[in-house]
Amino acid sequence: MIELRHLSKTFKTKESSVQAVQDVSLTIEDGEIFGIIGYSGAGKSTLVRCLNMLERPETGDVIIDGIHLGSLNERSLRKTRKKIGMIFQHFNLLSSRTVYENIAFPLRYQGLSKKVIAEKASNLLALVGLNDKRDSYPSQLSGGQKQRVAIARSLANDPDILLCDEATSALDPQTTDSILKLLQDINKRLNLTVVIITHEMRVIKQICDRVAVMENGRVVELDQVVRIFAQPQQAITKDFISTVSTLSRINTLIEEKAAIVSIRTPQQLLRLDFKGESTKEAIISEISKQFNTTASIIFANVEIIQHTILGTLVVILDGDPDNQKQAIQYLDAHDIRVEVLNHA
Amino acid sequence: MLNWIATFAPNLVKYWGEFTLSIQETLQMFFYSGIIAFIVGLLLGTLFVVTKKGNIFENRLINWIIDKAINIFRSIPFIILIAALIPVTRMISGTSIGVKGAIFPLVLGCVPFFTRQVDMALSSIDEGLIEAAQSMGISPWGIIFRVYLKESIPALARSTTITAISLLGLTAMGGAVGAGGLGAFVLRYGYQNYYNDIMIICIIITLIMVLIIQFIGDLVIRKTTH
């Protein structure tokens, strides 16, 4: 378990000082995939570097499995770091060494026999699917292959935690998917705690269990990814969600007064968000039957996040205003979030 | 072979003994001072890089001293340096003339230049690599040898080649103040006695030496660049 308690870090130059991390406290459970999202400069890279003391926090504690990292001497810190793997945006492979040598690199000079090292490195090569690239040099690999080598290397010392600093930001969408699948796979297979720093909401959406949203050095929102998607609280969180959802188009259409969203009295333009069970019920036909209203669907979207279905409908509700009111109450009662986007 | 050479280089044949001796002296000066300068420069250059701000052995004082010492010694023209150093050379080497007397000033003339080259080579290593090595729990010494030095072998080979060629130039200059070698030989006969054949042959010999150095350097760079 990783615990951060009131962590702060300021970078000082002669002229100014930047508070990169401000009073961050959070807990990351064993075996979970924890995402930290924020725009560049939000302090997320500094925060993740505090987790293995590449950056020393000014105040606050980093406690991993009960050990206060700040209290360790250099030697013990190095020993602890072996159990915290890390991968980077630009891979940081050693260009003078082959794929195999890169993976074996962290294993050498710590008293392991050649045979043990060779066996471990070969297993890791197989794990990341790069058996055929064993003797290639990093310059001969694609970005995705380089990141696979970096992942294998970070796993060499059997870590309990893997820190990913913008690990997919330099990769194309297909390669990003395959790297995310690999991370998810090793998370399950090795029961590895994975901490992912990213500015891409789709990375969070695809594999994270929980997410912390960072802005100006602070964590402004932290919850399960499903909940964040279903009910984002902060404006910045909504911004991030809109990057992976076509729903934001609706707002543009309303602003542009497009024909498809135009309504007349007593119509209302509603957004209905539902999750899990309620998606299976025939809600729309129910409100037509029971309250004599009509709901014409102009937009529908379904997301599957962490095996939970999140559905969104944008409908134009028509009928007697009182009936409409009752229909909305009915929807509310059935755990469907109703937002009036526009009314005539 | 001497007869054959005698037809177009009569003066060279006349001083053949001195000629071969001067080549030998040049090679001695080159290798002795070269090896010492390589080791010292590599040590100082590495020390300079790792003591920089934010690096693994950050130390402002050491870094400042190396920096200033390099600048001071690099700004003194070698011909003046070698003359000014005579008392120190005598103390260290026991003599200020001949091959033995030349080595100390040659090392001193070469080290600042090479140290800067090492600085450039090591500084071009991506900081991310150092960070990655630190995140793996590699010790600072491990980072120096297994990341900094190992990763910059091609760049160091390039710097060594450049430095070696300039060192060869310095050995010739040493000839002006009694160090012997090809420089002194050419000065004595090619320059003061107007023996053009000696001048030309010595230029060709130097050219061949430079080509050999460059060839070896290129070979190492090619073999170590991936």
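Chain naming here is simple, since letters A, B, ... match the order of the sequence lines and numbering starts at 1 in each.
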* Asked: How far does CZ of B:Phe145 sit from OH of A:Tyr109, to the nearest 0.5 angstrom?
  -> 10.0 Å
Take atom [atom1] in [X]; do more than 12 heavy atoms of anything else shown fall under 6.0 Å from it?
{"X": "A:Glu119", "atom1": "CD", "value": "no"}
{"X": "B:Ile97", "atom1": "CD1", "value": "no"}
{"X": "B:Lys68", "atom1": "NZ", "value": "yes"}

* Contact part of A:Arg49 toward chain B, heavy-atom cut-off under 4.5 Å: side chain, backbone, both or neither? ->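 Side chain only.
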* Anything in residues 128-137 of chain A with a heavy-atom distance to chain B below 4.5 Å? Please list those residues in order. =>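 Within residues 128-137 of chain A, the residues that come under 4.5 Å of chain B (heavy atoms only) are A:Tyr137.
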* To do: Give me the contact list for residues 77-98 of chain A versus chain B, heavy atoms only, anything under 4.5 Å, ordered by residue number.
  =>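 A:Arg78, A:Arg81, A:Lys82, A:Ile84, A:Met86, A:Phe88, A:Asn92, A:Leu93, A:Leu94, A:Ser95, A:Ser96, A:Arg97, listed by number.
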* Does anything in residues 73-85 of chain B get under 4.5 Å of chain A by heavy atoms, and if so which residues? -> none
* Going by residue number, which parts of residues 107-138 of chain B are within reach of chain A, meaning a heavy-atom gap below 4.5 Å? ->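 Listed by number: B:Asp126, B:Gly128, B:Leu129, B:Glu131, B:Ala132, B:Gln134, B:Ser135, B:Met136, B:Gly137, B:Ile138.
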* Which bit of B:Ser139 is near chain A, if near means a heavy-atom gap under 4.5 Å: side chain, backbone, both or neither? -> both
